[in-house]
Amino acid sequence: MITATETKLPRINMPLPGPKAKEVIEYDKKFISPSLFREYPLVAERGYGAIIEDPDGNTFLDFAAGIAVCSTGHCHPHVVQEIQKQAAELIHIAGTDFYHRHMPQLAERLVATMPKSHHYKVFFGNSGTEAVEGAIKLARYATRRDKLIAFYGCFHGRTLGSLSLTASKSTQRKYFGTLLGGVEHIPFPYAYRCALGHTNETCGGEIIELLEEQILKRLFAPEEIAAIIVEPIQGEGGFIPAPAFFLRELQRICNKHGIMLILDEVQSGMGRTGKMWAYDHAGITPDIVLTAKGLGSGMPISAFIARESVMQWKPGSHGTTYGGNPVCIASAMATLDLIQGGLMVNARKMGEYIFGKINDWPSRFKIVGDVRGKGLMIGVEIVRDQRTKEKAPDLRDKVIVGAFHRGLLTLESGENSIRISPPLIIDEEQADCAIRIMEESIREAEKSL
Ligand SMILES: Cc1ncc(COP(=O)(O)O)c(C=O)c1O
């Protein structure tokens, strides 16, 4: 329930950043690593629902959700209550050494979301990249093979193993030296830019052919490949969904050659697309699924969920000090209560509502090339010219910054797209407000064409 001092909609009272926000920004500059990339000067002081309040009392409608993390909104009372209760009982015990019932409890609930044809087991970590690292190790261990295949545009994290897979922006890899060997990247199906003119449902057949006829015949023998890792919807790469047939084809190839199919659902999972996992839209049965972000509503927790027949490694082969921390698990359990108790349905409903209102943006705005996505994972691609599809990162930035100054938080994605990834709790009034602000910001950016 919203209290008297709280609001559902944005309210900007001054030019941004305000004086107190400026102080924090200067303070931060003095002590914090400059590698962090801040798109605009938002300083967060308090959060509730889909609202972020800054130290100067401005309120923002948050359609970024801390990079799709705050699935249940900010500080949802149920999540806060469960965190507080658990923090008073047991904060840490190191699940790598000892037992506590919270770990199997959450694992059981995650396994219940997986296809029923197999039993699955779970390993908990603290971040998305850790889930990726663990999955690489598990795939290598289970297959006794070491080669990996990933996709251009993919983002799997920034530690050295996951960075070897990440192929999103060269800055993310530059100067970090030699990464994992035996990693090959292939194109990701991108219907809007498909040279063969395919649609969202049909794009990617030639990539499957490339994989089977070139990569598997000329580069890596299939029996050397441990895993193919794919985001069912590329997140950092531009909110680009893989067609269902494409995921099914990857599964067919993996099954044929005993290759592990790893689905990175760190950004797309936990109900965001209107189903628990984005791969559910394709009806496939993955070997390993990765989750993080939306799982803990902001508490650091990740997991990889693998078929029992795959997760057969020996005690000591993989572990972590904090993974499966009881407080993070309490937050994840509360998050699941809410997602399964209605938020996933709301994500589907609100996704359809927003799509219904912005699908025609390419015909209404000269700089909008494409609107795509599933549920509340919506990408808007900004171009200089709809005919040539010339990418316009400068105009994209103008839209995002313009929206910020009007009280709406969004994030960039890919070279020239905007990601719309609000908490799954939003209602029509908030969606309408965000759409109005986006439209004003797009109109303003168009003036600089
Ligand atoms: C699909 C995907 N995988 C992995 C990661 C890495 O997660 P983290 O930043 O928690 O390490 C991200 C982060 O954006 C992601 O989107």
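We count ligands from 1, going down the list as the structure has it; atoms in each ligand are counted the same way. One is the number of the first residue; the rest follow in order along the sequence.
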Using a strict threshold of under 4.0 Å (side-chain N to carboxylate O), is an ion pair present between Lys357 and Glu352?
no
Test of proximity, Val266 against ligand 1: N or O pairs below 3.5 Å:
no
Please state which option from Lys293, Gln267, His156 has its nearest heavy atom closest to atom 13 (C) of ligand 1.
Lys293
Is Arg144 positioned over the aromatic face of Tyr141, cation under 6.0 angstrom from the ring centre and no more than 45 degrees off axis?
yes
Looking only at heavy atoms of Asp264, does any of them come nearer than 4.0 Å to an atom of ligand 1?
yes
I need the nearest protein heavy-atom contact for atom 2 (C) of ligand 1: residue, atom name and distance, please.
Phe155 O, 3.3 Å
Counting from 1 in the order shown, the ligand 1 atoms closer than 4.0 Å to a non-hydrogen atom of Ser127 are 10 (O), 11 (O)
Salt bridge check: are Arg38 and Asp28 linked by an N-O gap of less than 4.0 Å?
yes
Glu415 with Lys391: basic N within carboxylate O range, under 4.0 Å:
yes
Considering only the protein, which heavy-atom contact is closest to atom 11 (O) of ligand 1, and what is its distance?
Thr129 N, 2.8 Å
Would you mind running through ligand 1 and noting each atom that sits below 4.0 Å from a heavy atom of Glu231?
1 (C)
With ring centroids as reference points, do His92 and Tyr322 lie under 6.0 angstrom apart?
yes
Is a donor on one side and an acceptor on the other found under 3.5 Å between the side chain of Arg372 and the backbone of Gly238?
yes
Which of Ile284, Leu290, Ile305 passes side-chain contact (heavy atoms from CB on, under 4.5 Å) with Leu263? Answer is Ile284
Yes or no: does Glu236 have any heavy atom under 4.0 Å from an atom of ligand 1?
no
Suppose I only count heavy atoms of Gly128 and a 4.0 Å limit; which atoms of ligand 1 are within that range?
6 (C), 7 (O), 8 (P), 10 (O), 11 (O)
